[in-house]
2 protein chains.
Amino acid sequence: MVEVTDILDVLDRAGHRRTAPRRTVAELIAEREGHFTADSLLDESRERHLGVDRATIFRSLELLAELGVVERLDLPSGEHAFVACEARHHHHVVCSSCGRSTGVADHGLDRIAAAIGTATGYRIDTHRLELFGTCPACQAGGPL
Amino acid sequence: MVEVTDILDVLDRAGHRRTAPRRTVAELIAEREGHFTADSLLDESRERHLGVDRATIFRSLELLAELGVVERLDLPSGEHAFVACEARHHHHVVCSSCGRSTGVADHGLDRIAAAIGTATGYRIDTHRLELFGTCPACQAGGPL
DNA sequence: ATTTTTGCAAATCATTTGCATATAT
DNA sequence: ATATATGCAAATGATTTGCAAAAAT
């Protein structure tokens, strides 16, 4: 669970201003269980008359992604989405049915990345693992 | 190395027509060492007066991606790109400097995916691993 | 007071679509 | 002959930008 104050604190620490629109965006993000698109935040900002503009949403998400509070996600559909991250989790499992996602720790992937580096001669800087499937709730015939 | 004829054969086998524009797209793809964007193919089609239209390029890439001849890639920058695939390789290492990419086999990732499934309770359907780094040539101060 | 951030509107960029024509089978 | 694929141009959708006004430091 990512809290609004966590997000604001990260902004603070990085020397960015604590503005009302950013607080609102942080609230919208903290409410989300799973992944979300920029557009869905915009829709909600409109429906609830929060007055946060499209540009601000995109700018905030970009900033938060830089700061590692959210992570850009590319769904298998090609859609761009985001998820809130707890700092510890490097990767995400995303439910294809309800969109909920769970952060996961590194289960030995680093070693594999290293092995692939050796095998190919590449110096590996980053890797990105995205897993897609069905979450426990949806398997049980739950949500959506 | 992916050959033009490989690509055309896959189209054939799947019951798609061998058309001149598709042959051209196949040639453009086969020439590429690494990843490429739809747009870069379009540019080249224009520069070399190959007469293949934007829409055709997008439609061909979509088709080839469905058939597994190319794979959609999401670069860390968020750009959408493609790489030609040899069938065996599930994942790609992409050079951040020159864009060249190499297919890699599964080095035990399946086991990790399974472990993550167990740990989270998700039924995992797909995973996607993308690795980014510097290729041997660029490390040697080579290309770009 | 100064710098950063915002909203607005317009611009840009990538991708998709409708439709009449051309081409492969 | 028939179904599929293409080019064109226009539509769509997402994201970005310039700029003057507003808010945070």
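Note that the structure is a prediction, hence the values are computed from the model and not measured. Within every chain, numbering begins at 1; the chains are lettered A, B, ... in the order of the sequence lines, protein sequences first and strands thereafter.
Centroid-to-centroid, the aromatic rings of H91(B) and H127(A) stay 6.0 Å apart or farther. Checked against a 6.0 Å centroid threshold, the rings of H92(A) and H35(A) do not count as neighbours.
Using a 3.5 Å distance cut-off with no hydrogens or angles, the side chains of T102(A) and Y122(B) do pair a donor with an acceptor. Side-chain polar atoms of R32(B) and S40(B) form a donor-acceptor pair below 3.5 angstrom.
Just one of D6(B), V4(B), T5(B) meets the side-chain contact (heavy atoms from CB on, under 4.5 Å) condition when paired with L8(B); it is V4(B).
Summarising the geometry, the separation between CZ on R23(A) and C1' on dT5(C) is reported as 14 Å, rounded to the nearest angstrom. Between L63(A) atom CG and dT15(D) atom C1' there is a gap of 16 Å when expressed in whole angstrom units. As a whole-Å value, the separation of L61(A) CG from dT6(C) P is 12 Å. Rounded to an integer number of Å, the gap from CG of L73(A) to C1' of dA14(D) is 17 Å.
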(message) Treating primed atoms plus P, OP1 and OP2 as sugar-phosphate and everything else as base, which nucleotides of nucleotides 20-25 of chain D get B, S or - for protein heavy atoms under 4.0 Å?
(response) ---BBS

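Here the side chain of T120(A) pairs a donor or acceptor atom with the backbone of I116(A) at under 3.5 angstrom.
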Look for any protein N or O under 3.5 Å of an N or O in nucleotides 7-16 of chain C and output each such pair with its distance, or none.
| residue | atom | partner | partner atom | Å |
| --- | --- | --- | --- | --- |
| dG7(C) | OP1 | G51(A) | O | 2.9 |
| dG7(C) | OP2 | D53(A) | N | 3.4 |
| dG7(C) | OP2 | T56(A) | OG1 | 2.3 |
| dG7(C) | N7 | R59(A) | NH2 | 2.9 |
| dG7(C) | O6 | R59(A) | NH2 | 3.4 |

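For the pair E44(B)/E31(B), a side-chain contact is recorded, criterion being any heavy-atom separation below 4.5 Å from C-beta on.
Put simply, OG on S97(B) and CG on D125(A) are 10.5 Å apart, with the number rounded to the nearest 0.5 Å.
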